[in-house]
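Shown next, in structure tokens, is the structure this report addresses.
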Amino acid sequence: HAQLVESGGDSVQAGGSLRLSCAGYGSRSDYCIGWFRQAPGKRREKVATIYTGGGAPYYIDSVEGRFTIARDNTKRKVSLQMNSLKPDDTAMYYCAAFITTIGGSWCFSRTADYNLWGQGTQVTVSE
């Protein structure tokens, strides 16, 4: 089975930046890739999604304009550039994927379909 691997988590001060990377999905061009996060005591939430077959990315409102998800299909990696980080962004960040022929907003609207997961990478933002 494919195994996703995240990297790039770290501890930073508010206002700082981090770049997370997700690798390990296959060479197919029909993956929805999503970044999720879960803070202690809170439910896991979907942060951003992108389709490896093309199309626009999607974000939750709280990260719109600060986070950028991007795909590099030649390297089979998806990144999450996080700028202007806030303490509320502190969480374990997970990369997840599922195969579908429908991309775009479908990737953002689906949650239970994500069936490939990484182990997570910790992001801590201090005041």
Side-chain angles (χ1 to χ4, degrees):
H1 296 287
Q3 178 72 43
L4 301 182
V5 178
E6 306 94 338
S7 62
D10 205 342
S11 296
V12 297
Q13 289 189 320
S17 297
L18 284 174
R19 185 181 181 88
L20 306 184
S21 183
C22 171
Y25 55 91
S27 59
R28 302 170 62 122
S29 62
D30 51 3
Y31 281 97
C32 279
I33 306 289
W35 282 100
F36 294 74
R37 66 185 180 187
Q38 187 167 21
K42 295 186 178 181
R43 296 179 63 181
R44 185 176 62 196
E45 66 175 347
K46 188 187 304 108
V47 175
T49 63
I50 197 165
Y51 188 55
T52 58
Y58 287 80
Y59 305 92
I60 56 172
D61 289 346
S62 61
V63 307
E64 183 82 53
R66 299 188 298 121
F67 290 12
T68 302
I69 187 172
R71 58 183 169 258
D72 184 340
N73 288 343
T74 59
K75 297 180 179 179
R76 300 207 300 273
K77 288 186 177 181
V78 168
S79 62
L80 184 69
Q81 177 67 41
M82 306 187 296
N83 298 329
S84 301
L85 283 162
K86 304 175 181 180
D88 284 349
D89 295 317
T90 295
M92 183 70 79
Y93 282 71
Y94 299 91
C95 175
F98 71 98
I99 295 171
T100 178
T101 57
I102 306 170
S105 61
W106 182 257
C107 299
F108 192 76
S109 68
R110 309 301 293 176
T111 298
D113 288 2
Y114 284 88
N115 56 10
L116 299 174
W117 289 85
Q119 295 299 310
T121 187
Q122 179 67 38
V123 172
T124 303
V125 184
S126 58
E127 294 283 0

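Side chains are part of it too, since the values below use all heavy atoms of this structure and drop only hydrogens, waters and symmetry mates.
The closest donor-acceptor contact from the side chain of Asn73 to the backbone of Arg76 lies at 3.5 Å or more, if one exists at all. With hydrogens and angles ignored, the 3.5 Å screen pairs a side-chain donor or acceptor of Tyr31 with a backbone N or O of Gly26. Panel note: side chain Arg66, backbone Ser84; a donor-acceptor pair is recorded below 3.5 Å. Between the side chain of Thr121 and the backbone N or O of Gly9 there is at least one donor-acceptor pair closer than 3.5 Å. Judged purely by atom type and a 3.5 angstrom limit, Asp10 has no side-chain atom pairing as donor or acceptor with the backbone of Leu18. The closest donor-acceptor contact from the side chain of Glu6 to the backbone of Gly120 lies under 3.5 Å. Tyr51 places a side-chain N or O within 3.5 Å of a backbone atom of Thr100 that can act as its donor or acceptor partner.
Taking 4.5 Å as the limit, some side-chain heavy atom of Met82 sits within range of a side-chain heavy atom of Val123. At a threshold of 4.5 Å between non-hydrogen side-chain atoms, the residues Arg28 and Thr52 do not count as touching. Counting only heavy atoms from C-beta outward, the side chains of Tyr58 and Ile50 never approach each other to under 4.5 Å. With a 4.5 Å cut-off on side-chain heavy atoms, Cys32 and Arg110 do not count as touching. For the pair Asn83/Phe67, no side-chain contact is recorded, criterion being any heavy-atom separation below 4.5 Å from C-beta on.
The OG1 atom of Thr90 lies 9.0 Å from the CZ atom of Arg37; values are rounded to the nearest 0.5 Å. In this structure, Thr124 OG1 and Met92 CE are separated by 8.5 Å, a value rounded to the nearest 0.5 Å. Considering CG of Leu116 and SG of Cys22, their distance stands at 9.5 Å, rounded to 0.5 Å. To the nearest 0.5 Å, the span separating OG on Ser7 from CD on Gln119 amounts to 13.5 Å. Here Tyr114 contributes atom OH and Ile33 contributes atom CD1; the two are 8.0 Å apart, rounded to the nearest 0.5 Å.
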Checking side chain to side chain contact (heavy atoms under 4.5 Å, CB included) for the pair Thr111/Lys46: CA distance, chi angles, key distance, verdict? CA-CA 8 Å; Thr111 298; Lys46 188 187 304 108; 2.8 Å; yes

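The two residues Gly118 and Gln3 make their nearest non-hydrogen contact at CA-NE2, 4.3 Å. Summarising the geometry of Pro57 relative to Ile69, their closest heavy-atom pair is CB-CG2, 3.3 Å, with the distance given to 0.1 Å.
Aromatic pair Trp117/Phe36: centroids less than 6.0 angstrom apart. For Phe108 and Tyr59, the gap between ring centers reaches or exceeds 6.0 Å.
More than 12 heavy atoms of other residues, nucleotides or ligands sit less than 6.0 Å from atom CD of Gln122. Heavy atoms from other residues, nucleotides or ligands lying under 6.0 Å from CD of Glu45 number more than 12.
Electrostatic pairing of Lys86 and Asp88 does not count as a salt bridge here, judged by no charged N lying under 4.0 Å from a carboxylate O.
Grouping the Ile, Leu, Val, Met, Phe, Trp and Tyr side chains by contacts below 4.5 angstrom, directly or via other members, places Ile60 with Trp35. The cluster map of Ile, Leu, Val, Met, Phe, Trp and Tyr, joined by side-chain heavy atoms under 4.5 Å apart, puts Phe98 and Ile102 in the same cluster.
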